[in-house]
Amino acid sequence: MDILSELNQSQREAVETIEGPLLILAGPGSGKTKVITHRIAYLIKTCGVSPHRIMAVTFTNKASREMQERLEILVGQAIEKITLGTFHAICARILRQEGKVIGLNSKFTIYDEDDQLSLIKQSIQEVGLDPKQYAPKAVQSAIKFAKSQLLTPDDYALYTSSYFEEIVQRVYERYQQVLHQSQVVDFDDLLMKVVQLFNDHSSILSKYQSRFIHILVDEFQDTNTTQYQLIKQLAGKHQNICVVGDPDQSIYSWRYADMRNILSFERDYPNAKVVLLEQNYRSTKAILDVASSLISANIERKQKKLTTDNEAGLPVTVVETYNEGEEAQFIVSEIDKLVTEDSTISPADCAVMYRINAQSRALEESFVRHGMPYRLVGGTRFYSRREIKDIVAYLKLIHNPYDNVSLMRIINVPGRGIGSRTISELTSWAKSQDISLYNAIKLVGDNKGPQLAARASTALTNFSLLINELIQKSNELALCDLVDEVLNKSGYRNYILSEENSEERWENIMALRADAREYNTGKPEDDLTAFLEKISLVSPDDETEEKANATTLTTLHQAKGLEFPVVFIIGVEEGLLPHWRSQDNTEELEEERRLFYVGVTRAKKRVYVLYTYRRNLFGNSGGSEKSRFLKDIPQELVVTKPLWENEEQEIECTPVTAIYRKPLSQSPQRPANTITVSAGDNIRHAVFGDGVVINCSPFGDDQQATVDFPGAGVKRLLISLAPIEKIERNSD
DNA sequence: GCCTCTGGATTTTTT
DNA sequence: ATCCAGAGGC
């Protein structure tokens with residue numbers, strides 16, 4: 001197979017330029033992933049580069065997986081030798097390998113942001129401050145900023161210029177101290193510590209520099225300073241660094257991604273070659289024209305002109321609705337209409353995008369009301385569910401008893417009579433002795449610990465015995481048996497089963513256990529390390545379960561990288577897009593505009609832009625004003641689409657046209673159901689037939705039920721509105 | 001030590 | 001409107 005044959009001129013250039021720094025500016029839909037994968041294939045197959053010497057870095061597991069899948073087709077087995085992964089996964093591997101020179105045990109554990117926040121709260125207290133006065137979240141953000149900039153607590157001390165920053169500095173210092181004592185790193189440490197290690201140990205750096213002859217970085221516009229430095233270090237010897245990205249799609253500056261990394265790449269690598277991928281294979285001309293006109297309003301960018309050979313297509317439709325309810329209503333009707341009129345379009349081809357998650361509610365209600373399937377992107381991540389975090393905390397503690405945050409999480413879960421009084425005695429004593437909580441608790445058992453009431457003392461001793469026993473078992477048992485042991489011996493199993501809605505929680509735990517089963521090399525200790533690392537760095541719901549024929553509801557941020565034939569962008573209003581918190585800062589405003597641009601460029605065929613006349617948000621409703629970004633789009637690129645009775649026609653220099661006041665075809669109002677249901681009930685639905693309620697949760701004044709219809713699949717319904725009735729269980 | 005109540009906040013999110 | 005965290009009551 002000829003790797004080059006299916007590429008256009010500039011794509012080919014990007015693939016064939018293998019010497020020296022290369023910057024690929026890839027517009028939306030320009031075949032970015034194709035270029036990266038083909039470039040790697042070209043290196044291996046045509047240039048004879050050993051796959052062992054190639055590193056490809058992504059930001060997300062999803063991107064990594066996608067690249068893996070596509071590469072496998074091109075290079076087959078060789079894929080296993082390529083270092084392909086997220087920044088964090090690659091750095092974790094390096095740290096486990098090399099960490100000992102900076103005093104890091106290869107069994108270190110990784111804290112997620114919840115754990116981080118707990119430790120920050122604790123650290124605020126430990127430096128003698130009040131967590132109420134200094135919002136832990138703000139301190140967390142400041143520490144994350146420092147780490148994104150490669151600033152150690154000492155560096156940060158030089159940088160501080162306000163009282164708050166001095167506070168942050170003190171907390172940061174203590175926080176790092178505890179992390180180190182606990183043999184724990186947070187997400188940002190994974191990267192920062194590797195950079196520091198490379199800085200201080202040139203022989204280790206040079207080992208990696210020599211090995212990796214070719215380095216590729218995806219989504220380069222999203223890198224922060226630390227990531228940038230890491231790449232710079234690694235590419236230091238061979239300088240064959242290929243970065244791919246699009247500054248126009250930089251939407252993560254609030255996570256301290258720095259677009260300047262891509263904008264000034266040529267300055268840092270003066271001999272860099274630049275390739276522009278401007279040919280778009282995704283969208284119609286009409287959509288690209290709108291996108292281009294929008295993004296051209298930004299000042300800080302690199303000029304790029306998007307072209308396409310695709311059809312001209314239909315103009316973008318801009319619609320004003322009365323409020324968010326009608327906005328949702330319009331979308332449901334329009335999808336229905338599109339699907340009916342055009343047999344090539346299904347509900348799954350449509351996506352609705354919004355600025356903030358709170359906007360999904362009105363949509364969901366409308367979709368549920370009409371029995372239309374939808375898939376909500378995001379939501380609670382699997383590993384952040386309480387029951388999963390609890391079990392993982394047990395495992396983390398077993399793996400690393402110095403992990404105080406995990407210990408604190410489960411010391412009284414399930415309740416075993418260790419209350420806040422006892423805990424504060426214990427923590428302050430442990431701190432005064434400069435030992436870990438686990439060791440302090442062990443001493444309580446030996447009567448060498450702090451003075452405590454007999455009851456508290458007994459409770460702590462029992463807890464200590466429990467953890468000890470589990471640590472013992474962890475060396476003998478296979479991982480999934482260890483999970484069972486934890487569930488039984490800790491009493492967690494009974495605890496969770498005695499709760500309401502326990503089925504779902506228990507199922508989640510069983511899913512975790514099933515996952516643990518995969519780790520069975522016969523070396524329990526290594527299995528536990530590997531399992532915990534995977535849990536920290538990979539969330540399983542990246543694995544997007546495709547719901548049959550469901551429309552996607554997503555934030556604009558999460559839409560990046562996706563594409564759909566039909567895209568609705570809602571809430572294109574002042575205060576939402578641009579968001580009010582970004583309204584008085586040019587840079588942030590430009591980022592909001594890029595966000596809009598990302599949304600528009602997701603679409604292949606149709607784009608709808610919606611805004612409301614008035615919107616309810618957070619309880620108070622107010623009149624809304626269409627987004628200033630609409631002014632960036634020339635009127636002739638937008639269509640007038642009077643769908644509904646026009647009560648007031650706005651005449652302005654606006655591209656806007658359809659005023660949507662009252663839906664013509666209001667769905668016939670049925671009397672609201674007054675029944676309530678709960679998990680396990682059998683119900684009959686007018687359309688879907690008989691089904692069983694799997695789960696039920698409050699939804700406003702109403703209930704939303706997840707119902708499994710053997711004939712129609714799993715549906716979510718609003719109880720008061722859905723055409724349902726309760727039926728009796730079959731007698732058996 | 002556990003439970004209920006009130007107040008404050010509420011963009012975007014990966015690892 | 002709603003969710004969550006911390007405070008105070010039982």
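Numbered from 1 within each chain, the chains take letters A, B, ... in sequence-line order. Values in this document were obtained by computation on a predicted structure and should not be read as measured data.
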Mind listing the N/O atom pairs, protein and nucleotides 7-10 of chain C, below 3.5 Å?
from   : atom 1 : to        : atom 2 : distance (Å)
dA7(C) : OP1    : Lys132(A) : NZ     : 2.8

Take atom CZ in Arg70(A); do more than 12 heavy atoms of anything else shown fall under 6.0 Å from it?
-> yes
Let me know, please, whether Ser420(A) or Asn357(A) comes out on the 5' side of the other along DNA chain B by nearest nucleotide.
-> Ser420(A)
Side-chain N,O (Asn616(A)) to OP1/OP2 (dA1(C)) below 4.0 Å | no
Residue mapping more 5' on DNA chain B - nearest nucleotide basis, Phe187(A) or Gly415(A) | Gly415(A)
Tell me, please, which residues at least two apart from Tyr175(A) pass ring pair (Phe, Tyr, Trp, His ring centres under 6.0 Å).
-> none
Atom-pair distance (CD on Glu113(A); P on dT12(B)), nearest Å | 15 Å
Using whole Å, report how far NZ of Lys137(A) lies from P of dA5(C).
-> 8 Å
Could you state the CD-P distance from Gln140(A) to dA5(C), rounded to the nearest angstrom?
-> 13 Å
Reckon Gln558(A) has a side-chain N or O less than 4.0 Å from the OP1 or OP2 of dT14(B)?
-> yes
Gln149(A): partners by side-chain hydrogen bond (donor to acceptor under 3.5 Å, both in side chains), with sequence neighbours left out | Thr225(A)
Rounded to whole angstroms, how far apart are CG on Leu617(A) and C1' on dA1(C)?
-> 10 Å
Does the side chain of Thr86(A) get closer than 4.0 angstrom to OP1 or OP2 of dT14(B) through an N or O atom?
-> no
What's the spacing between Ser250(A) OG and Arg260(A) CZ if we round to 0.5 Å?
-> 11.0 Å
Residues from residues 251-261 of chain A lying under 4.0 Å of DNA chain B - heavy atoms | Trp254(A), Arg255(A)
Given dG1(B), dT12(B), dC2(B), which nucleotide is nearest the side-chain atoms of Thr555(A)?
-> dT12(B)
Base, sugar-phosphate, or nothing for Asp112(A), non-hydrogen atoms under 4.0 angstrom?
-> nothing
Length of the CG-P vector between Asp114(A) and dC4(C), whole Å = 12 Å
Taken to the nearest whole Å, CD/Glu588(A) to P/dT12(B) is 15 Å
In chain order, what residues pass the ring pair (Phe, Tyr, Trp, His ring centres under 6.0 Å) check against Phe531(A), with sequence neighbours excluded?
-> Tyr519(A)
How would you list, by chain and number, every residue that makes a ring pair (Phe, Tyr, Trp, His ring centres under 6.0 Å) with Tyr111(A), sequence neighbours excluded?
-> none
Check ring pair (Phe, Tyr, Trp, His ring centres under 6.0 Å) between His579(A) and all other residues, then give those that pass, not counting sequence neighbours.
-> none
Rounding to a whole Å, what distance do you find between Gln221(A):CD and dT14(B):P?
-> 16 Å
If you check every side-chain atom of Lys121(A), which of dG6(C), dG1(B), dT14(B) has the closest atom?
-> dG6(C)
dT15(B), dT12(B), dT10(B): which one has an atom nearest the side-chain heavy atoms of Arg581(A)?
-> dT10(B)
Looking at residues at least two apart in the chain, or sitting in another chain, which of them share a side-chain contact (heavy atoms from CB on, under 4.5 Å) with Thr86(A)?
-> Thr58(A), Asn61(A), His88(A), Ala89(A)
Sequence neighbours excluded, the answer for side-chain hydrogen bond (donor to acceptor under 3.5 Å, both in side chains) partners of Lys147(A) is Gln176(A), Asp186(A), Asp189(A)
Is the phosphate of dT2(C), meaning OP1 or OP2, less than 4.0 Å from a side-chain N or O of Arg361(A)?
-> no
Using a 4.5 Å cut-off on heavy atoms from C-beta on, say whether the side chain of Asp258(A) contacts that of Asn224(A).
-> no
Can you tell me the distance, in whole Å, between the OH atom of Tyr134(A) and the C1' atom of dG6(C)?
-> 19 Å
Measure from the side chain of Phe618(A), starting at C-beta and using heavy atoms only, and say which of dT14(B), dT12(B), dA1(C) lies closest.
-> dA1(C)
